[in-house]
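The block underneath contains the structure these notes are about, expressed in structure tokens.
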Amino acid sequence: MREVMAKIAIVGAGQAGLHLGIGLLLSGHQVTMLSNRTGEQIAAGTVISSQSMYGMALGLERELGIDYWQDSAPQYAGAQMRVADSDGNVMLFWQGAMDEPGQSIDQRVKMPVWIDRFIELGGDFRLVDAGIAELEELAGSHDLTVIASGKGEIGQLFTRNPDRSPFTQPQRVLALTYVNRFRPRPGIPAICININPGIGEFVSFPGLTLSGACEIFTIEAVPGGPMDVWDDVKTPEEHLKVSEHLLRTFFPLEAERIDGHLELTDDKAVLRGRITPTTKYPVATLPSGAQVFGLADVVCLNDPLTGQGSNNASKGAKIYLDAINARGDAPFDEAWMNAVFEEYWDYARYPVAYTNQTLGQPPEHMLRILKTAESDAGLAHLMANSFNDPKSIAPWYYDAAAAHEFLDGRTPVAA
Ligand SMILES: Cc1cc2nc3c(=O)[nH]c(=O)nc-3n(C[C@H](O)[C@H](O)[C@H](O)COP(=O)(O)OP(=O)(O)OC[C@H]3O[C@@H](n4cnc5c(N)ncnc54)[C@H](O)[C@@H]3O)c2cc1C
């Protein structure tokens, strides 16, 4: 616990900003939060994410007493990966159990409740779409200003770090949908990653939305490929129709789960977009010379393919919270911000590599690992748990020599 109370400003009431803000209030700090949307507006808006979260990150929410949906939201304690072509010929399939269950709570459900909790704890919540002038004002009146604005435009203040950003273009065209009439997968509930090589992926899991339990899926189309057909889609109904068509055409084994026809959970249950995975330098300097500190997506943005962004946001918020608490009365200067971000990057480099390795042409050692997981239940278990902690499969998942050494030394565990 910090001995000296600090005045902290946070821009953005999302997964990271609210987690940090609530944690700081519970630690006795004074917190101002700027949000460009009220809780009511978030609840009434379109879906934002599929936000699959796993044990470690959910545990951090539990630590703060904000895991309000632990008992009411569906849980899934498994992971499945299938590589198959459009005729359903399976090239690879593994499934494994996770040690702790994952959950997905619609951010339209979660963030309004967290905003209420932030206010209840005495946080100063202001409805402002922050621009440079507001940041200058915050930086002048607070000890530290944290920017947690996700994909918001204000994030352009931060500069891309080319050494940590292998891509300059989006690697997928994303289409997110919350549905009913999509039966649970056979067997234990799981995050299902389905890959149709060269065409894209279909990722699904159970979730909790405004109307209750549902299935959430994201179709990830390789740009220019046969699933990149979204340009003329305008309405939620068209989005749903195209999604079902793509599912039936390119993922026939998963399409067997459709019960008649898919239905949207509500008329705002769709989202489309493209993300260029990017890591930035964590400190931005305002015209006055004041410096602000980036957190989560604003400085470390990933494609959602492996479901890491919300988890990273929660883990990053925890690192920043502990670092602020440990700072005593020393200033939150640039050197401190860079050091704290490096501590975060020491973890985040793994989910970044994990996601980017899955987006790109899979290296030979990765294919060998995934193929081995088909018949080695112990390895499938490690891979299932890697969604929770991509660092847990380092170095071997990320390095060819380490992978071969690891696999050559393994005694497979029968499925
Ligand atoms: C299709 C899709 C599927 C996804 N699926 C998953 C998944 O399964 N698992 C997972 O872990 N992650 C997933 N993610 C990623 C995850 O949603 C994000 O990484 C996470 O929400 C990032 O948290 P954040 O706090 O950085 O930003 P956000 O949660 O986006 O919050 C930022 C907030 O700042 C506000 N804001 C922006 N600009 C301003 C401004 N100028 N002034 C005031 N407020 C501002 C925004 O309105 C927003 O409320 C997915 C993302 C997408 C797009």
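We count ligands from 1, going down the list as the structure has it; atoms in each ligand are counted the same way. Everything numeric in this text was worked out from a predicted model, so none of it was measured.
Atom 10 (C) of ligand 1 has its closest protein heavy atom at Ser310 N, 3.2 Å. The protein atom (non-hydrogen) at minimum distance from atom 42 (N) of ligand 1 is Ala130 N, 2.9 Å. Taking atom 47 (O) of ligand 1 as the reference point, the nearest protein heavy-atom neighbour is Asn36 OD1, 2.7 Å. Counting protein heavy atoms only, atom 40 (C) of ligand 1 is closest to Asp129 OD1, 3.4 Å. Among protein heavy atoms, atom 21 (O) of ligand 1 sits closest to Gln107 NE2, 3.2 Å. Nearest protein neighbour of atom 7 (C) of ligand 1, counting heavy atoms only, is Ser52 N, 3.1 Å. In terms of protein heavy-atom proximity, atom 6 (C) of ligand 1 is closest to Gln51 N, 3.2 Å. For atom 25 (O) of ligand 1, the nearest non-hydrogen atom of the protein is Ala16 N, 2.8 Å.
Under 4.0 angstrom from ligand 1, the non-hydrogen atoms of Gln15 come from both its backbone and its side chain. Here Ala148 has backbone heavy atoms under 4.0 Å from ligand 1, and that is the only part of it that gets that close. Under 4.0 Å from ligand 1, the heavy atoms of Arg37 that appear belong solely to its side chain. Only the side chain of Ala313 comes within contact range of ligand 1, with a heavy atom under 4.0 Å; no backbone atom does.
Under the 4.0 angstrom criterion, atom 32 (C) of ligand 1 counts as having a protein heavy-atom contact.
Ring geometry, Tyr76 versus Tyr54: the interplanar angle exceeds 60°, so the pair is classed perpendicular (tilted spans 30 to 60°). Between Trp345 and Phe341, the ring planes lie parallel to each other; the angle is under 30°, not in the 30° to 60° tilted range. Taking the six-membered ring where tryptophan is involved, the planes of Phe202 and Phe217 are tilted, since the angle between them lies from 30° to 60°. The aromatic rings of His19 and Trp114 sit perpendicular, their planes meeting at an angle over 60°, well past the 30° parallel limit. Relative ring orientation between Tyr344 and Tyr320 is described as perpendicular, the plane-to-plane angle rising above 60° on a 0-90° scale split at 30° and 60°.
No N or O atom of Lys151 sits closer than 3.5 Å to an N or O atom of ligand 1. Residue Glu153 has no nitrogen or oxygen atom sitting less than 3.5 Å from a nitrogen or oxygen atom of ligand 1, judged on distance alone. Between Leu176 and ligand 1, no pair of N/O atoms sits closer than 3.5 Å.
For the 3.5 Å distance criterion, the side chains of Asp399 and His365 fail to qualify, holding no donor opposite an acceptor. Under the 3.5 Å distance criterion, with hydrogens and angles disregarded, no donor-acceptor pair is assigned to the side chains of Asp303 and Thr355. Under the 3.5 Å distance criterion, with hydrogens and angles disregarded, no donor-acceptor pair is assigned to the side chains of His29 and Asp143. Of the N and O atoms on the side chains of Thr276 and Gln169, not one donor lies less than 3.5 Å from an acceptor on the other residue. With 3.5 Å as the limit, one finds a donor-acceptor pair spanning the side chains of Tyr354 and Ser386. No side-chain N or O of Arg126 forms a donor-acceptor pair with one of Ser35 less than 3.5 Å apart. Under the 3.5 Å distance criterion, with hydrogens and angles disregarded, a donor-acceptor pair is assigned to the side chains of Gln15 and Glu61. Between the side chains of Thr285 and Gln291, at least one donor N or O lies within less than 3.5 Å of an accepting N or O. In summary, the side chains of Ser392 and Asn385 do not present any donor paired with an acceptor at a separation below 3.5 Å, with no hydrogens or angles considered.
Taking the charged nitrogens against the carboxylate oxygens, Glu215 and Arg181 have no contact shorter than 4.0 Å, which rules out a salt bridge. Salt bridge annotation for Lys391-Asp389: absent, with no cationic side-chain nitrogen under 4.0 angstrom from a carboxylate oxygen.
For the ligand labelled ligand 1, residue Ala13 lies inside the 4.0 Å heavy-atom shell. Note on ligand 1: Ile216 sits outside its first shell, no heavy atom being nearer than 4.0 Å.
Within ligand 1, counting atoms from 1 as listed, the ones closer than 4.0 Å to a heavy atom of Val128 are 42 (N), 43 (C). Taking a cut-off of under 4.0 Å to the non-hydrogen atoms of Gly307, the atoms of ligand 1 that pass are 7 (C), 8 (O), 9 (N), 10 (C), 11 (O). Heavy-atom contacts of Ala296 reach the following atoms of ligand 1: 26 (O) (cutoff under 4.0 Å). Residue Phe205 has at least one heavy-atom neighbour below 4.0 Å for each of these atoms of ligand 1: 8 (O). In summary, the atoms of ligand 1 found under 4.0 Å from a heavy atom of Gly150, numbered by their order in the structure, are 26 (O), 27 (O), 30 (O), 32 (C). Residue contact check: Leu34 has heavy atoms under 4.0 Å from atoms 43 (C), 44 (N) of ligand 1. Within ligand 1, counting atoms from 1 as listed, the ones closer than 4.0 Å to a heavy atom of Gly309 are 10 (C), 11 (O), 12 (N), 15 (C), 18 (C), 19 (O). The ligand atoms of ligand 1 that sit less than 4.0 angstrom from a heavy atom of Ser35 are 43 (C), 44 (N).
Among Gly14, Ser149, Gly12, the residue whose heavy atom lies nearest to atom 38 (N) of ligand 1 is Ser149. The closest non-hydrogen atom to atom 19 (O) of ligand 1, taken over Val203, Leu20, Asp297, comes from Asp297. Relative to atom 13 (C) of ligand 1, the option among Gly294, Ser50, Ser49, Cys300 with the closest non-hydrogen atom is Ser49.
Contact of the Ile393 side chain with the Met383 side chain is registered, since non-hydrogen atoms from C-beta on lie closer than 4.5 Å.
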